[in-house]
Amino acid sequence: MIETEEQARAFVADLCSSDAFSALERFAAELLIEAAKQNLIARSTTDTLWQRHFADSAQLLDHVPRETDGADAHPWLDLGSGAGFPGIVMAIMRPEVPHVLVESRARRVEWLERMVALAGLKQCRVVHSRLEKVESFPAGVITARAFAPLPQLISLSARFSTTGTTWLLPKGRSAAQERDELDSPQRAMFHVKQSVTSRDAAILVGTGRPKTGSRT
């Protein structure tokens, strides 16, 4: 379990190139500056930035199958990217993979576009829209952090999934309960993985295209 900022930085550094880690450090520095202007992250997390946000995002890579990684892979879709977690972190750590970051709030979109430009992320694009209005495309990976309640999240984003899509949904201590409350076919898609950054957090990891069905 990661318990210090030093451990969090080391964890992230081990998962990416030195160039990517330098880009993440620049992103972190800009984030602290911007956070004083708009509510990008909770102020209580500024002293644990790498543990609460960067390592928390980076750990998702441990659950990405190799076939979804690469320039020819389907895009990674991040829903409600907000401050850039996990979308910007993932795009920096895997710059060869196409990424699509969807965000409806104008100021957040401006921030995300600045960070994409700062990191030189040629394979990453920011879409200023509500997800309902985004044209469908097959996603290799779907991520979402505090985007919507789980049933709504699945309903809104199912059209982007294929039988091979990987779902990576960071959750709090209610992860298992949220999964168990899904309809039976959807519930079977997901399993719960313990977060490495908090004993009170978990990740819902799933594969496939959600089906509809009755609760059992």
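Numbers for residues simply follow the sequence, beginning at 1. Computation of the quantities below employed the complete heavy-atom set of this structure, encompassing side-chain atoms and omitting hydrogens, waters and symmetry-equivalent molecules.
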Asker: Please tell me if the side chains of Leu150 and Lys171 come closer than 4.5 Å, counting only heavy atoms from C-beta onward.
Answerer: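 Leu150 vs Lys171: side chains touch.
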Asker: Take Asp180 and Arg187 through the side chain to side chain contact (heavy atoms under 4.5 Å, CB included) test and state the conclusion after the steps.
Answerer: CA-CA 6 Å; Asp180 292 346; Arg187 184 167 66 244; 4.1 Å; yes
Asker: Taking the basic N atoms (NZ, or NE/NH1/NH2) and the acidic carboxylate oxygens, is any pair closer than 4.0 Å for Glu3 and Arg199?
Answerer: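 Looking at Arg199 together with Glu3, the answer is yes, because their closest N to O distance falls below 4.0 Å.
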Asker: How long is the straight-line distance from CE of Met189 back to CZ of Arg179, given to the nearest 0.5 Å?
Answerer: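 The distance works out to 12.5 Å.
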Asker: To the nearest 0.5 Å, how far apart are CD in Glu103 and NE2 in His128?
Answerer: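 Atom-to-atom, Glu103:CD and His128:NE2 are 7.5 Å apart.
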Asker: Of all heavy-atom pairs between Pro86 and Arg145, which one has the smallest distance, and what is that distance?
Answerer: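 Heavy atoms only, the tightest pair is CD-CB, 4.0 Å.
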Asker: Contact between Phe190 and Ile154 at the side-chain level, heavy atoms closer than 4.5 Å - yes or no?
Answerer: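 Yes; the side chains approach each other to less than 4.5 Å.
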Asker: With side-chain hydrogen bond (donor to acceptor under 3.5 Å, both in side chains) as the rule and sequence neighbours excluded, what pairs involving residues 188-198 come up?
Answerer: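 Every side-chain hydrogen bond (donor to acceptor under 3.5 Å, both in side chains) pair that includes a residue of residues 188-198, provided the two are not neighbours, is Asp56-Thr197, Gln59-Ser195, Ser195-Thr197.
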Asker: Would you compute the distance between atom CG of Leu101 and atom CE of Met115 and round it to the nearest 0.5 angstrom?
Answerer: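 Answer for the CG-CE pair, Leu101 versus Met115, is 12.5 Å.
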Asker: Find out whether Phe147 and Ser157 are in side-chain contact, i.e. whether some heavy atom of one side chain is under 4.5 Å from a heavy atom of the other.
Answerer: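 Counting from C-beta outward, Phe147 and Ser157 never come under 4.5 Å.
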Asker: Is there a donor-acceptor pair closer than 3.5 Å between any side-chain N or O of Trp167 and the backbone N or O of Leu204?
Answerer: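 No; judged by distance alone, with no hydrogens or angles, the pair does not exist.
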Asker: When rounded to the nearest 0.5 angstrom, what is the spacing between CD in Glu34 and CZ in Arg107?
Answerer: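 Going from CD on Glu34 over to CZ on Arg107, the span is 6.5 Å.
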Asker: Using a 4.5 Å cut-off on heavy atoms from C-beta on, say whether the side chain of Pro170 contacts that of Phe85.
Answerer: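 Side-chain contact under 4.5 Å: no.
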Asker: Please check if the number of heavy atoms outside Arg52 that lie under 6.0 Å from its CZ is greater than 12.
Answerer: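 12 or below, so no.
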Asker: Could you tell me whether the side chain of Phe137 reaches within less than 4.5 Å of the side chain of Leu77, counting heavy atoms only?
Answerer: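 Contact flag for Leu77/Phe137 side chains = yes.
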Asker: Can a donor-acceptor pair be found between the side chains of His53 and Thr45 at a distance below 3.5 Å?
Answerer: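 Distance-only check passes for His53 and Thr45.
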Asker: Search all heavy atoms of Ile41 against all heavy atoms of Ala83 and return the closest pair with its distance.
Answerer: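 Closest pair (atom of Ile41, atom of Ala83, distance): CG2-CB, 4.2 Å.
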Asker: Would you mind reporting whether Leu168 and Ile142 have side-chain heavy atoms less than 4.5 Å apart?
Answerer: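 No; the side chains remain at least 4.5 Å from each other.
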Asker: Are more than 12 heavy atoms, taken from residues, nucleotides or ligands other than Arg209, located less than 6.0 Å from that residue's CZ atom?
Answerer: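 Yes - once you tally the heavy atoms of other residues, nucleotides and ligands closer than 6.0 Å, there are more than 12.
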Asker: In Å and rounded to the nearest 0.5 Å, what is the CH2 to CE distance from Trp76 to Met90?
Answerer: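 Those atoms lie 4.5 Å apart.
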Asker: Name every donor-acceptor pair, under 3.5 Å, that has one atom in a side chain of residues 14-33 and the other anywhere in the protein, sequence neighbours excluded.
Answerer:
unit_1	atom_1	unit_2	atom_2	d
Ser17	OG	Ala20	N	3.1
Ser22	OG	Ser18	O	3.1
Glu25	OE2	Arg9	NH2	2.5

Asker: Can you tell me if Arg130 has over 12 outside heavy atoms packed within less than 6.0 Å of its CZ?
Answerer: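 Atom CZ in Arg130 is not packed in, count stays at 12 or less.
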Asker: Mind listing the closest non-hydrogen atom pair of Met1 and Val196 along with its distance?
Answerer: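 Closest approach of Met1 to Val196, heavy atoms only: SD-O, 3.2 Å.
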Asker: Compare every heavy atom of Ala55 with every heavy atom of Ala8, then report the nearest pair and how far apart it is.
Answerer: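 Between these two residues, the closest heavy atoms are CB-CB, 4.0 Å.
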Asker: With side-chain contact (heavy atoms from CB on, under 4.5 Å) as the test, pick out the partner of Val126 among Val116, Val102, Leu121, Asp78.
Answerer: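 Result for side-chain contact (heavy atoms from CB on, under 4.5 Å) with Val126: Val116.
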Asker: So, do Ser81 and Ile88 sit near enough that their side-chain heavy atoms are less than 4.5 Å apart?
Answerer: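 The answer is no, as the side chains (C-beta and beyond) never meet within the 4.5 Å cut-off.
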Asker: Mark yes or no for whether Gln38, through its side chain, and Leu40, through its backbone, hold a donor-acceptor pair below 3.5 Å.
Answerer: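 The answer is no, because no donor-acceptor pair under 3.5 Å joins these two groups.
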Asker: Between Gln123 and Arg94, is a side-chain hydrogen bond (donor to acceptor under 3.5 Å, both in side chains) present by the stated rule, with each step listed?
Answerer: CA-CA 10 Å; Gln123 290 278 67; Arg94 293 294 184 270; over 6 Å; no
Asker: For Asn39 and Arg108, work out which heavy atoms get closest and say how close.
Answerer: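 Between these two residues, the closest heavy atoms are O-NH2, 2.6 Å.
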Asker: Can you tell me if CD on Glu135 sees more than 12 non-hydrogen neighbours from other groups inside 6.0 Å?
Answerer: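 Count not over threshold, so no.
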Asker: Can you check whether Val141 reaches Leu60 side chain to side chain, under 4.5 Å on heavy atoms?
Answerer: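 In short, these two side chains do not touch, never coming nearer than 4.5 Å.
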Asker: Which value, rounded to the nearest 0.5 Å, describes the distance between Glu5 atom CD and Leu49 atom CG?
Answerer: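 Here the interatomic distance stands at 6.5 Å.
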Asker: For Thr165 and His74, what are the C-alpha separation, side-chain angles and deciding distance, and is it a side chain to side chain contact (heavy atoms under 4.5 Å, CB included)?
Answerer: CA-CA 9 Å; Thr165 297; His74 289 313; over 6 Å; no
Asker: So, for Pro75 and Val100, which heavy atoms are closest and what is the spacing to 0.1 Å?
Answerer: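 For Pro75 versus Val100, the nearest heavy atoms are CB-CG2, 4.0 Å.
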Asker: Under 3.5 Å, is there a donor-acceptor pair between the side chain of Thr4 and the main chain of Gln7?
Answerer: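 Looks like yes, one N/O pair under 3.5 Å.
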